[in-house]
Amino acid sequence: MRKTGGKKAQEEADRKVTRRRRVSDDSFTVGRTIAGASHRSHSMTMERQALRKKRKWRAIAFSFLILALIVAITLIVVSAVAEIERVRNEENAVRERQATLPTVPVIDENAGGELSSRTREFIVHLESDAKDYGFEIDHIVVPFQKARQLFVFVKEREEYYKVSLDRSSAMQAEDMGRMMSFLDENGVKCSYVDLRVEGRAYYK
């Protein structure tokens, strides 16, 4: 009986030792699992952070690319608009010069002199006004050292007409037409008619 009881006690002691080993093994396994999970979690966190940084830098690079593209397009548009405006201004300047250039010959007796824009404009208007009153100018002479006046020669007429830049071209064209009718109706021959004074006409 004593041997049986001792055997049972020994078996009970062996079971306790085995139990302790299992608990220790389980604890080691659990600890190792937790450590592995923690490492994986840290690795995943680092990967997520790296991915976020990569996406952030991609977004920044894309934003800079869009900004550079917008700036480039803006510069191209501004340059194109400036070029169009420059060409338009040049065309307008050419038109203005052409509009103020007489179509009839102009003889300037002042050697080396250049017609002023005011004189050119007056001649252009006088050409147009003459046509309105039924006659056509043949040529115009800018007399030597005689400022503010012109000698106007009319086609198919022997006399010429002295006109002033200080008077309206339309009024003087009207006076020229009246004087032509007066001279023809009265059979008067003359070398010139002076129309520089408003309301009066002198012929010689």
Side-chain angles (χ1 to χ4, degrees), residues 65-204:
L65 180 62
I66 294 298
L67 181 60
L69 184 61
I70 292 173
V71 171
I73 292 174
T74 302
L75 290 175
I76 292 172
V77 171
V78 170
S79 299
V81 171
E83 180 64 18
I84 292 171
E85 188 66 21
R86 184 187 66 80
V87 172
R88 184 179 300 167
N89 290 337
E90 289 181 354
E91 290 176 350
N92 290 337
V94 171
R95 290 194 193 99
E96 288 177 1
R97 286 195 297 270
Q98 291 176 345
T100 57
L101 289 177
T103 59
V104 299
V106 178
I107 302 170
D108 190 355
E109 294 181 346
N110 299 279
E114 183 177 353
L115 295 179
S116 66
S117 59
R118 174 71 181 85
T119 301
R120 291 196 303 268
E121 184 179 355
F122 180 88
I123 293 173
V124 170
H125 290 165
L126 186 62
E127 285 186 72
S128 176
D129 296 331
K131 291 177 181 178
D132 291 341
Y133 287 101
F135 61 94
E136 191 173 351
I137 296 174
D138 182 72
H139 67 278
I140 293 176
V141 174
V142 181
F144 178 68
Q145 292 185 347
K146 291 183 179 180
R148 314 299 298 172
Q149 61 179 293
L150 301 172
F151 295 169
V152 181
F153 292 79
V154 180
K155 286 185 176 181
E156 300 179 356
R157 303 290 301 187
E158 296 180 358
E159 75 281 358
Y160 66 89
Y161 294 80
K162 295 182 179 181
V163 299
S164 172
L165 297 178
D166 297 324
R167 288 190 63 205
S168 163
S169 61
M171 292 181 63
Q172 292 181 96
E174 182 180 3
D175 291 342
M176 289 171 67
R178 288 177 177 176
M179 282 304 300
M180 290 177 203
S181 298
F182 172 80
L183 295 175
D184 291 343
E185 289 172 1
N186 293 277
V188 177
K189 300 291 184 180
C190 62
S191 59
Y192 71 85
V193 178
D194 192 340
L195 301 174
R196 291 174 294 174
V197 179
E198 184 176 356
R200 296 185 180 185
Y202 302 91
Y203 60 89
K204 182 178 179 180

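In what follows, every heavy atom counts, from backbone to side chain, and hydrogens, waters and symmetry copies are set aside. For clarity, every value in this text was computed on a predicted model and none was experimentally measured.
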Verify salt bridge (Lys or Arg N to Asp or Glu O under 4.0 Å) between Glu83 and Arg86, making sure each step is shown before the conclusion. CA-CA 5 Å; Glu83 180 64 18; Arg86 184 187 66 80; 2.4 Å; yes

Output, in order, the C-alpha distance, side-chain angles, deciding distance and verdict of salt bridge (Lys or Arg N to Asp or Glu O under 4.0 Å) for Glu127 and Lys131. CA-CA 7 Å; Glu127 285 186 72; Lys131 291 177 181 178; 5.5 Å; no

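The two atoms that bring Glu159 and Cys190 nearest to each other are CB-O, 3.4 Å, heavy atoms only. Pairing each heavy atom of Leu115 with each of Val106, the nearest pair is CD1-CG1, 3.7 Å. Taking each heavy atom of Ala130 and Ala173 in turn, the nearest pair found is N-CB, 4.1 Å.
For Asp194 (side chain) and Ala201 (main-chain N/O), no donor-acceptor pair under 3.5 Å exists by modelled atom type. In this structure, Arg157 contributes its side chain and Phe135 its backbone to no donor-acceptor pair below 3.5 Å. Remark: side-chain polar atoms of Ser128 are not paired, donor with acceptor, to backbone N or O of Val124 under 3.5 angstrom. Checking side-chain atoms of Gln149 against main-chain N and O of Arg196 turns up no donor-acceptor pair under 3.5 Å.
The number of heavy-atom neighbours closer than 6.0 Å to CZ of Arg148, taken from other residues, nucleotides and ligands shown, is above 12. Within 6.0 Å of atom CD in Glu109, more than 12 heavy atoms from other residues, nucleotides or ligands are found, so the atom counts as buried in its surroundings.
Separation of atoms CD (Glu156) and CD (Glu136) is listed at 9.0 Å; rounding is to 0.5 Å. If you take CG on Leu126 and OH on Tyr161, they are separated by 12.0 Å, rounding to the nearest 0.5 Å. Leu195 CG to Arg167 CZ: the interatomic distance, rounded to the nearest 0.5 Å, is 7.0 Å. Separation of atoms CG (Leu101) and CD (Glu121) is listed at 12.0 Å; rounding is to 0.5 Å.
A 4.5 Å side-chain heavy-atom check between Val193 and Leu183 finds at least one atom pair inside the cut-off. Counting only heavy atoms from C-beta outward, the side chains of Phe151 and Lys162 approach each other to under 4.5 Å. Using a 4.5 Å heavy-atom cutoff, the side chains of Asp132 and Asp129 are in contact. In this structure, the side chains of Phe122 and Gln172 come closer than 4.5 Å at one or more pairs of heavy atoms. With a 4.5 Å cut-off on side-chain heavy atoms, Val141 and Leu150 do not count as touching. Using a 4.5 Å cut-off on side-chain heavy atoms (C-beta onward), Arg200 and Tyr202 make contact. Contact annotation: the side chain of Pro102 never approaches that of Ile140 to less than 4.5 Å [non-hydrogen atoms, C-beta and beyond].
When each of Val77, Ile76, Ile70 is tested with Ile73 by the rule side-chain contact (heavy atoms from CB on, under 4.5 Å), just one qualifies, namely Val77.
Under the 30°/60° scheme for interplanar angles, the aromatic rings of Tyr203 and Phe182 are found to be tilted.
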